[in-house]
Amino acid sequence: MMLSVLVGFIVFGCAVETEKDEYIDLETGKDWPVYGGNRNNKRYSPLDQINKENVQNLEVAWVYDARDYVDGAIPKRQKAIQCQPIVKDGILYGTTPELNLFALNAATGEELWKFEPMADGRRYNISASRGITYWEKGEDKRILYTSGSFLYAVNARTGKAIETFGTKGKVDLHTGLAEGLDVDISAAAVNATSPGIVYKDLYITGSSVSEGGNAAPGDVRAFNIITGGLEWTFHTIPRPGEEGYDTWPKEAYKEQGGANSWGGMSLDVDRGVVYFGTGSASSDFYGGNREGKNLFGNSVVALDASTGKLKWYFQTVQHDLWDRDLPCPPNLATITHNGKKLDVVVQVSKDGLIYVLDRDSGTSIFPMEERQVPTEGGLPGEHPYPVQKFPLKPEPLSHQVFTEDIITDLSPESHAYVKELYDQYRTDEKFALPNEKGTIMFGYSGGAEWGGNATDLDGVLYQNSNDDPWLLVMEDAETRRKEREKVLTGEERYQRNCAMCHGVDRTGTTEFPSLVGIGERFTETQILELLKSGTGRMPSFQHIPEEGKRAIATYILDLPTGMHQTANPEKTAIQENEEKEKSFGYEAKYVIKTWKKLTDQNGYPAIKPPWGTLNAIDLSTGEYLWRVPLGEYPELTEKGVPITGTESYGGPIVTSGGLVFIAGTKDEKIRAFDKKTGAVVWEHQLPAGGFATPITYEVDGKQYVVIAAGGGRGQKPGGDYIAFALKEQ
């Protein structure tokens, strides 16, 4: 890939018309100044001090405890860190489990400062921060990051809020979403798990919203980095006169939300184009109110970065009913295809498909088929789209359909257990429609996930992939609504509505957090707001009456029945908000009844291993170079079971030293793989799971690799950033 430079000198993040930098010096790779390494999101470093010959000599260089403590003793939040930190000029910036911002000496791990925004009750962020953004113009150096429903601008040198940005240093992420809508949107859940990207003086960002009927619009927006003002908006659910408006029912934008870009963005500075993928329109699994293709849901989109004007789009799923989001930033690579150099956009999906698109036109460089898919057997009132796209190359990273021949053979008992479930819920089509009888689907927790992928200068893509079937059963909302007529205890309501994700004993699952001790992190009012609005993968519970939501909050807070924390239990913040003008969204006619990973009786995935892999794909040919299991279950290995792989969250980086570094597995290790063969050449047991993407950088001639070991996802909690370097000789 040709290195672009500024005319005369390099200014990191400089907002000038001749801006040509890629936010990383590919000649030295000293810094890791952007989420994904550079604005192309290649996750590649030219550093080679650590290489295949000496990687076994890596040792811990420093550890930073990022947990936020109460009275210096008790961590405030037992929650994972998913942040890929950044490094600029020898300073490492990252976030804590509490979503505070910090700066460290990148060579020693010594804390330089910490910024602690005041959490905003209703808009409190229960999601993670996966990264932050750096910008500078002369002596003005800023960190932009989100916590709750706010975008903050912080002085990169002092850790103080920049008071001239927005309102005293912050901008409400609801800004502009209600423009042209005669509704109140302030109660809608809006945050941003992935960082935005910088182009000149613009901070371009997507958002994370609810996945229920009350989801906020998924608009992509650009804010002025100096003032915080909104500069442009791209409507992912088109308005009248905009392209794609006819792919929805008339005036759908007035109540329809979602179709949001939550996985992050990439930027081609030379072209002045920003690229991103979007998720499904709300609500997940039912689209009776949104007939049509539903642009720009489930699409790779290219916009003019200065204006937000559409350049091109490529829709991967039409009228998505399966939550098959595009979960990570596109990777902007340069390959040799049919003997010619070609700039491409590489987008990987949750259902394990790899789309390689021409960067200027959005057309696929590999063959693509449109095939007929089922239109019968779904929910009443549904409008399934009759055709879907099927890329012929590269082959999918994960299974597409649960067939009898892939039922687990871990033991005869496991096989028999899963076979009974298979016979009950047999699903022979990838695009089988959600229904009240139940379907088995792939593509909820990967294929690919938010950790993204890496490409080297040879055009090889490195991608970790999950292979997990899920069971989905839908239910008529009216049936659920009848609960309003019943007198149920808080525990009964919890078991009916929450236990499927957070466990019958509230201790969480591999996918969803524990609620034990939640009173240390959230007030009753905050819990009520979340039950009302939902956030991220947590749906809203609009069907539950106010007294029912209060009963659930009382139960999970371990309060005596009838007792409340709120000062005025007769009038909560939710009720006050409902007295305003009509809230945005709608109530779906069908809601989720059962939504869980399909496993054997011991909790292992229901299919034959491998359950998680690391893959190397030659993007020029679409062929796999190697595929190896990623992660293991030690208790199975001890029994003589070949390495199975585990699900992984967080992505890889690749270096000029011939190495692919990745953590993210349930066995809580970080590993280095030989990028040519896929062989493990180094591994280290972390104190907690590293469900994040590592980085590498250089300070004073020494190369470091850093991973956030935050734990979570059903594993023990953590809270450390850990740096590795070669032993001193």
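By convention here, the first residue in the shown sequence is residue 1.
P434 is linked by a side chain to side chain contact (heavy atoms under 4.5 Å, CB included) to F285, L321, W322, L472, M474, counting only residues two or more places apart in sequence or in another chain. Applying the side chain to side chain donor-acceptor pair (under 3.5 Å) criterion to T455, with sequence neighbours excluded, gives K42, N331. By the side chain to side chain contact (heavy atoms under 4.5 Å, CB included) test, R271 pairs with D268, V273, Y275, D343, R359, D360, sequence neighbours left out. In this view, D467 and H399 satisfy the side chain to side chain donor-acceptor pair (under 3.5 Å) rule, not counting sequence neighbours. Remark: K393 pairs with E623 by the salt bridge (Lys or Arg N to Asp or Glu O under 4.0 Å) rule, at least two apart or across chains. Under the side chain to side chain donor-acceptor pair (under 3.5 Å) criterion, E242 pairs with H235, sequence neighbours left out.
Checked by atom type and distance alone, the side chain of S282 pairs as donor or acceptor with a backbone atom of G257 at under 3.5 Å. No donor-acceptor pair under 3.5 Å is formed between the side chain of S261 and the backbone N or O of G206. In this structure, D304 contributes its side chain and T307 its backbone to a donor-acceptor pair below 3.5 Å. When atom types are taken as modelled, the side chain of R290 and the backbone of A252 share no donor-acceptor pair closer than 3.5 angstrom. Looking at Q315, its side chain does come within 3.5 Å of a backbone N or O of K293 through a donor-acceptor pair. Formation of a donor-acceptor pair under 3.5 Å by the T336 side chain with backbone atoms of K341 is not found in this model. No donor-acceptor pair under 3.5 Å is formed between the side chain of D320 and the backbone N or O of N298. Without hydrogens or angle criteria, S194 side chain to W262 main chain gives a donor-acceptor distance under 3.5 Å. Of the possible polar contacts, none joining the T334 side chain to the L342 backbone as a donor-acceptor pair under 3.5 Å is found. Side-chain atoms of S149 come within 3.5 Å of backbone atoms of V190 as a donor-acceptor pair (strictly under, hydrogens ignored).
Looking at D325 and T278, their side chains never come closer than 4.5 Å, going by heavy atoms from C-beta outward. Contact check for V300 versus Y313: no side-chain heavy atoms found under the 4.5 Å cut-off. With contacts defined as side-chain heavy-atom distances shorter than 4.5 Å, the pair L379/E436 qualifies. Side-chain contact between I204 and V220 is present, with at least one heavy-atom pair separated by less than 4.5 Å. Put simply, the side chain of E255 reaches to within 4.5 Å of the side chain of N289, judged on heavy atoms. With contacts defined as side-chain heavy-atom distances shorter than 4.5 Å, the pair L144/I225 qualifies. In this structure the side chain of V473 never reaches within 4.5 angstrom of the side chain of K437, judged on heavy atoms.
Going from atom CD of Q84 over to atom CH2 of W450 covers 9.5 Å, rounded to the nearest 0.5 Å. Here the OG atom belonging to S147 is positioned 9.5 Å from the NZ atom belonging to K170, to the nearest 0.5 angstrom. Atom CG in D351 sits 7.5 Å away from atom OG1 in T316 (nearest 0.5 Å). Note that CD1 of I237 is 7.5 Å distant from CG of D219, once rounded to the nearest 0.5 Å. Taking OG from S207 and CZ from R221, the interatomic distance works out to 5.5 Å, rounded to the nearest 0.5 Å. Summarising the geometry, atom SG belonging to C328 is positioned 7.5 Å from atom CZ belonging to R43; distances are rounded to the nearest 0.5 Å.
Aromatic ring pairs are classed by plane angle as parallel below 30°, tilted from 30° to 60° and perpendicular above 60°; the pair F296 and F234 is tilted.
A side chain to side chain contact (heavy atoms under 4.5 Å, CB included) with V348 is found for one member of L353, L326, I354 and no other, namely I354. Remark: of the listed residues F390, F314, F366, F314 is the sole one forming a ring pair (Phe, Tyr, Trp, His ring centres under 6.0 Å) with Y355.
N294 and Q318 share no side-chain donor-acceptor pair at under 3.5 Å. Under the 3.5 Å distance criterion, with hydrogens and angles disregarded, a donor-acceptor pair is assigned to the side chains of E382 and H319. Between the side chains of T363 and D358, no donor-acceptor pair is found at a separation under 3.5 Å. There is no side-chain donor-acceptor pair under 3.5 Å between N224 and D201.
In this structure, K254 is not positioned above the aromatic face of F584 in the sense of NZ or CZ being under 6.0 Å from the six-membered ring centre and within 45° of the axis.
Within 6.0 Å of atom CD in Q400, more than 12 heavy atoms from other residues, nucleotides or ligands are found, so the atom counts as buried in its surroundings. Within a 6.0 Å radius of NZ in K311, other residues, nucleotides and ligands contribute 12 heavy atoms or fewer. Taking a 6.0 Å sphere around CD of E475, one finds it holds more than 12 heavy atoms contributed by other residues, nucleotides or ligands.
Aromatic ring centres of F431 and Y385: separated by at least 6.0 Å.
For E647 and K597, the salt-bridge test passes: some basic side-chain N is under 4.0 Å from an acidic carboxylate O.
Among all heavy-atom pairs drawn from N40 and L267, the shortest one is OD1-O, 3.0 Å. Contact detail for I335 and S620: the closest heavy-atom pair is CB-OG, 3.6 Å.
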Steps toward side chain to side chain donor-acceptor pair (under 3.5 Å) verdict (T439, N435): CA-CA 7 Å; T439 54; N435 57 56; 5.5 Å; no
